[in-house]
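Accompanying notes for the structure given below.
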Amino acid sequence: METVAAVQLKNITKRFGKVVANDRISMEIRRGEILSLLGENGSGKTTLMNMLAGIYFPDEGEIFVNGAPVTITSPKDAFTCGIGMIHQHFKLVDVFTAAENIVLGLEDEGRLDLKAAASRISDICQKYGFVIDPNKKVYDMSVSEKQTVEIVKVLYRGADILILDEPTAVLTPQETDRLFDVMRNMKADGKAMVIITHKLHEVMDVSDRVAVLRKGQYIGDVATCDTSPQKLTDMMVGHAVTLNINRPDPKDPIPRLEVRDLTVYDAMGVKRLDKVTFTAMGGEILGIAGIAGSGQKELLESIAGLQPISPGASIRYRPIGHTEEQTGTELVGKTPLQIKQAGVSLAFVPEDRLGMGLVGSLGMTGNMLLRSYRKGRGAFTDRKAPKQLAENVMEQLEVVTPSVSFPVRRLSGGNVQKVLVGREIAQEPSVLMTAYAVRGLDINTSYTIYNLLTEQKMKGVAVVYVGEDLDVLLELCDRILVLCGGQVSGVVDARTTTKEEVGLLMTRFKKEGEKA
Amino acid sequence: MTLAQLIRLLQSSVCFGTVIMYGSIGEILTEKSGNLNLGVPGIMYLGGISGLAASFFYEFNNPAPSPVICLLVSFVAAFLAAALGGLLYSFLTITLRANQNVTGLTLTIFGGGVANFFGGSLNTMAGGVGQISVAATSAVYRATIPGLSGLGTVGALLFNYGFMVYLAIVVAIVMHWFLNRTRKGLNLRAVGENPATADAAGINVTRYKYLATCVGAGISGLGGLYYTMDYIKGTWANDGTIESLGWLAVALVIFATWRSVNAIWGSYLFGLLFWVYLVIPDLGRDSIELFKMLPYLVTIAVLIGISLRKKRENQPPASLGLPYFREER
């Protein structure tokens, strides 16, 4: 083995505002080796690698490529250093062929010779075992083919340090196996490879060494042959932190929402939820844990009527006031409006916060109106009630805003979320679903939101809380449902379970047909 | 319909088509960069009035104007003025990120205003309404190849036009070759389809957008020049014809499904549809106007047709009309 690492990072720090995404990270990427970069959501894996790819620039620290210090400020610089990154979201032009996408932006001499490019692409494919038709248009390609184009694009530019950001997230198990074969071929060719992932079995399967990040910190690295999924989980989730969230016992729980065999395919035809079955009880908070993209969004949206559901599913719903003997109503087949009016409320905080729940240019009153505009008499909307509601929310949740007509887009993230959650709670729902309700909030605001949810629970509402932080899920919820790859990999009692148990369930990817 | 009538109809169609072909292929280049410039009519106005003004002042001050200088002065002035219109549009939409539709429509109004104001002034300087005439320059634009134009029906149909008719075809073909066979063309199309991808591939998105929009506007402006110099024979009329032709040019972009070679036959077809009322006997004024709608109706039919067929190659550039700025996170 050679002694100089392909890439060496020394004390790399990256901050986004007040958030430290990477905290003094030092690590090595070696040739002829596949390195897994492992960590929970938000642990800083992608941020760290983006600094190698020229997407971000480190605030502090040094990068060495082949022992020489380098400054990478753009994707072009990264290519010059031989670093190529395959992002989760493909950067391809749909109406171009594979070959056109691959040569795009190259400043070679002479005229555009797609035939020559195609033959070079075939050479690369043959060498590593890819299958790709250079003349196929991207819009005709499967996800796996698109990914292959991305990888070939990087190789075509002469990269010998490859970073793959969660390459298997969009692949079927068979495609994943094929990708891993190709990765092993590239490793044998002496390339340095990094695979960002949080699927433990893949780590064990493909990598030689594992580096673990947790909350922006570098925990350490181990040789894959010397470790086990259990040990890696411990490194990944760390020790439980006590948060002291107020958690009263559930109050006369009765099944409020019974979901059976819920299967959902997305627009691309990929299965997002696979026969999900669970019951949300009134008077308790049901946590939903899972790696990002395990089907959380689809689950909430399909209950709210926003996703097409595959036949055979049933969502039975009993509003507050109904007893267990009453059969309740079936939500499948109802419109989002009917579901909402029945008392199922969805407070989804998307990544950009405003996207799905609020209209940024409207004030609080206007946003409250979005829920009640049908109530006015005649052609005119009733603005008084929403204004009253806006003022109540502002007062009770301590929303910091100059006035209720101030555009919510210009409020801080925490205040925006308070407006959203406050409005949904004001509908007096029987089921309250929230996703990432505390994303990006400071500690105090987070506690305000936790208390609001607990208050709802004590009123007999079935609260469904999709969260990212395991510590919070363990202390806020009564039960936790763990999703993995669109399947329920387990439902645990939040009071007795451990962080390790949930972490393992989150990463236990079951292959087709395997028993839970 | 006599043969003479038919020849006259086809000739009119070609002349009419040439005006909108320039407007259209310029706009195709612009739109390939993702900029939807609805200022085409205004840009054609700018090109027309600038070419006319330049040659007017040259002829006004030179009793014996040289044909070469007449041509150069008017051609360069028209192209530059129109390209300046494109530059204004680019600055507003690319650098200042103004809304593309609003900016384009404003440019149309601006171009029309400027052109009609100076058109009126030029007429006044020339001695009164309708008095302006740049006979020497117009003669250069309308010169045909001696010998060839006299070759009976073939000569009348193919060789009886000024050079700009042929130039338009050459530009359309060269543009097709540029967009589909060169590296720069590939890069430009990528910018219009998916600027984030182009950016990541190291393409300077802003520069491509600026250049494509300015050159595209310059080419569109030549449509206005051809109109004033050849179509109305070196005069000026404040009758708003350029504007209606400009909108037809925009419609032709859609009709041609963003391919400049399609704009060649498409523009002649539009000309034919526009003038077909000439050969239909016994039409009143009102029915003539109905016939002049034909090009627009055909465009709507084509638009419906291509959306029904859903062929990806026939769709507008994917990021047409959208501003691009790098996400900062």
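Protein chains get the first letters and strands the later ones, always in sequence-line order, with residue 1 at the start of each. Excluded from the calculations below are hydrogen atoms, water molecules and symmetry mates; all remaining heavy atoms, backbone and side chain alike, are included.
The most heavy-atom pairs under 4.5 Å with chain A, out of B:Ala201, B:Pro317, B:Ala318, come from B:Ala201.
Interface remark: B:Ile203 contributes side-chain atoms only to the contact with chain A (heavy atom separation under 4.5 Å). Within the 4.5 angstrom heavy-atom criterion, no atom of A:Leu114 approaches chain B. With a 4.5 angstrom heavy-atom cutoff, B:Ala200 touches chain A via backbone and side-chain atoms both.
Here B:Asn194 contributes atom CG and A:Leu92 contributes atom CG; the two are 8.5 Å apart, rounded to the nearest 0.5 Å. Here the CZ atom belonging to B:Arg183 is positioned 7.0 Å from the CG atom belonging to A:Leu106, to the nearest 0.5 angstrom. Rounded to the nearest 0.5 Å, atoms CG (B:Leu186) and CZ (A:Phe96) are 4.5 Å apart.
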side-chain contact (heavy atoms from CB on, under 4.5 Å) evaluation trace for A:Leu112 with B:Arg181
CA-CA 6 Å; A:Leu112 180 63; B:Arg181 290 279 180 274; 6.0 Å; no
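The local environment of CZ in B:Phe110 is sparse, with at most 12 non-hydrogen atoms from other residues, nucleotides or ligands closer than 6.0 Å. Surrounding OH of A:Tyr265 are at most 12 heavy atoms belonging to other residues, nucleotides or ligands under 6.0 Å away.
Considering every non-hydrogen atom in both A:Lys76 and B:Gly202, the closest pair reads NZ-O, 3.7 Å.
Every residue meeting the side-chain contact (heavy atoms from CB on, under 4.5 Å) condition with B:Asn180, not counting sequence neighbours, appears here in chain and number order: B:His176, B:Arg189.
In this structure, B:Asn187 contributes its side chain and A:Leu104 its backbone to no donor-acceptor pair below 3.5 Å.
Sorted by first then second residue, the side-chain hydrogen bond (donor to acceptor under 3.5 Å, both in side chains) pairs that include residues 80-92 of chain A, not counting sequence neighbours, are A:Gln88-A:Glu166.
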